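A, B, ... follow the sequence lines: proteins, then strands. Residue 1 opens every chain. Here the structure is a predicted model, which means the values were calculated and not measured.
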Protein chains: 2
Amino acid sequence: MFKELNPLLHSELRLGVMSILISADSADFTFIRKQTGATAGNLSVQLDKLSQAGYISIEKGYRGKVPRTTCRITEKGVSAFQEYVEALKSYIGKG
Amino acid sequence: MFKELNPLLHSELRLGVMSILISADSADFTFIRKQTGATAGNLSVQLDKLSQAGYISIEKGYRGKVPRTTCRITEKGVSAFQEYVEALKSYIGKG
DNA sequence: GTAAAGTAGTTTATTTTATAAACCAAAAAA
DNA sequence: TTTTTTGGTTTATAAAATAAACTACTTTAC
C-alpha cells in the first residue's frame, strides 16, 4: 500500500538541499545555507551524508582567497529524489 | 522559500496513519498495523503522539471479548495534514 | 481443566538522527 | 594589531524512531 520513504531524503534539511540542487544544477554552501535557513554545522553534517550516499558531489575550492564549497546533484541523486517523490504520493495522493 | 514541515507529520509511520485515516474516516489498531507494516509497539507510541497533538481521537472498546482500539482523524488533524501536503509541495514542486 | 499459543496491545530500553554548541583558520575591517 | 566576519568542521546533546520485553486476556489443543 505505502511505498518506503528513503530515510536519507525524508529529512527536512536534506530534502531542501536536494530540492535546490535539482533545479539549480550547482550551488555553494553559503547559498544553500541562506535558502534553507540552516545552521552551518547542521548543513555541513547533512551535506556530508548526501555526499557519502553519492547523491551529491562536493567540490572545495577558493573564490579568490575565500574558501568556497560547491555542491552538485549526481545522477544517482536525481533518481533517488524522483523515487522519493513517487513514494510520497502513495501517502498524500495526487494533491 | 521552503515552508516548514510539521515534524509530527514528517514521520513515515505517523504520515501513513494519517493518510489512512483521512480517507477511511475510522480504522482500528490491527487494520492500521497491517496496512503500515509497523510493529505493535511502534504503532502504539506513534498513535499516542498523534492523539496527544489532537490530530486523531482514540476510542478503546471491545468487539465481543476482544479489545479493540479505534482511531479517527479530527478536524485539527485534517487541516494539519493538508498544510503538511502544501508545505511538501514547496520542496517537491507540483510533481 | 489446564498448558500452550495467539491476539491486542503498553511500557521501557536502545539505537539512530537531528540539531546545537563549540571550535578552527583565514581574511578583512577598525 | 586586536576584533569581527566569513566559511566552514567537529563534537556534544537532545529528540526521535524503533525494537525488545512485558501484560492481560482468549482461544485452542490435549
Side-chain angles (χ1 to χ4, degrees), chain A residues 2-21 26-53 55-72 80 84 87-88 91, chain B residues 2 4-21 26-53 55-72 80 84 87 91:
Chain A
F2 294 116
K3 291 180 188 153
E4 265 182 51
L5 296 176
N6 182 337
L8 213 78
L9 294 183
H10 196 61
S11 140
E12 185 160 17
L13 180 48
R14 289 195 299 269
L15 188 60
V17 170
M18 294 295 278
S19 175
I20 290 169
L21 292 179
S26 105
D28 65 25
F29 191 97
T30 304
F31 176 80
I32 297 174
R33 181 156 144 51
K34 278 173 190 158
Q35 292 293 308
T36 58
T39 61
N42 194 11
L43 182 56
S44 179
V45 170
Q46 307 309 330
L47 286 180
D48 261 12
K49 287 185 190 173
L50 290 172
S51 169
Q52 273 166 42
Y55 290 175
I56 67 173
S57 66
I58 297 179
E59 197 190 340
K60 282 161 199 299
Y62 286 86
R63 182 179 42 204
K65 292 170 180 173
V66 180
R68 183 199 48 165
T69 297
T70 303
C71 306
R72 257 185 194 75
Y84 174 77
L88 260 186
Y91 292 83
Chain B
F2 295 117
E4 266 183 51
L5 295 175
N6 182 339
L8 214 80
L9 294 183
H10 196 60
S11 141
E12 184 159 16
L13 180 49
R14 288 195 299 269
L15 188 60
V17 169
M18 294 294 278
S19 176
I20 289 169
L21 292 179
S26 106
D28 65 26
F29 191 98
T30 304
F31 176 78
I32 296 174
R33 180 156 145 52
K34 279 174 187 153
Q35 293 292 308
T36 57
T39 62
N42 194 10
L43 182 56
S44 180
V45 170
Q46 306 311 328
L47 286 180
D48 260 12
K49 286 184 191 174
L50 289 172
S51 167
Q52 271 165 42
Y55 290 176
I56 66 173
S57 65
I58 297 180
E59 196 189 339
K60 284 160 200 298
Y62 286 86
R63 184 178 40 205
K65 291 171 182 174
V66 179
R68 182 199 49 163
T69 297
T70 303
C71 305
R72 260 188 191 74
Y84 174 76
Y91 293 82

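The distance from atom CG of B:Leu47 to atom C1' of C:dA8 is 13 Å, rounded to the nearest whole Å. At whole-Å resolution of the value, CD1 in A:Ile58 and P in D:dG7 are 16 Å apart. Atom CZ in A:Phe29 sits about 15 Å away from atom C1' in C:dA25, given to the nearest Å. Look at CG on A:Leu50: it is 10 Å from P on C:dA18, rounded to the nearest Å. Atom CG of A:Leu43 and atom C1' of D:dT10 are 15 Å apart (whole Å). Atom C1' of nucleotide D:dG8 and atom CZ of A:Arg63 are separated by 13 Å, given to the nearest angstrom. With rounding to whole Å, A:Asn6 atom CG is found 15 Å from C:dT16 atom C1'. Rounded to an integer number of Å, the gap from CZ of A:Arg33 to P of C:dA20 is 12 Å.
Residues B:Lys49 and B:Gln52 form no side-chain contact, since every pair of their non-hydrogen atoms from C-beta on lies 4.5 Å or further apart. Counting heavy atoms from C-beta outward, B:Glu12 and A:Tyr91 have side chains that approach closer than 4.5 Å.
Checking the phosphate oxygens (OP1, OP2) of D:dG8, a side-chain nitrogen or oxygen of A:Thr30 falls inside 4.0 Å.
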Is there any protein nitrogen or oxygen under 3.5 Å from a nitrogen or oxygen in nucleotides 15-24 of chain D, and what are the pairs?
from	atom 1	to	atom 2	distance (Å)
D:dA17	OP1	B:Ser11	OG	3.4
D:dA17	OP1	B:Arg14	NH2	2.9
D:dA17	OP2	B:Arg14	NH1	2.4
D:dA17	OP2	B:Arg14	NH2	3.2
D:dA17	OP2	B:Lys49	NZ	3.4

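Exactly one of B:Val45, B:Leu8, B:Ile56 qualifies for a side-chain contact (heavy atoms from CB on, under 4.5 Å) with B:Arg14. That residue is B:Leu8.
Smallest separation of non-hydrogen atoms from A:Leu21 and A:Cys71: CD2-O, 3.5 Å. Taking each heavy atom of A:Leu47 and A:Ile58 in turn, the nearest pair found is O-CD1, 3.8 Å. Smallest separation of non-hydrogen atoms from B:Phe2 and A:Gly16: CZ-O, 3.5 Å. Across all non-hydrogen atoms, the minimal contact from B:Leu9 to B:Ala80 is CD1-O, 3.4 Å.
Distance from the side chain of A:Lys60 is smallest for D:dG8 among the nucleotides D:dG7, C:dG9, D:dG8.
Residue B:Arg68 is in sugar-phosphate contact alone, with no base atom involved, counting any heavy-atom pair closer than 4.0 Å across all strands shown. Within the 4.0 angstrom heavy-atom criterion, base atoms lie near B:Ser44.
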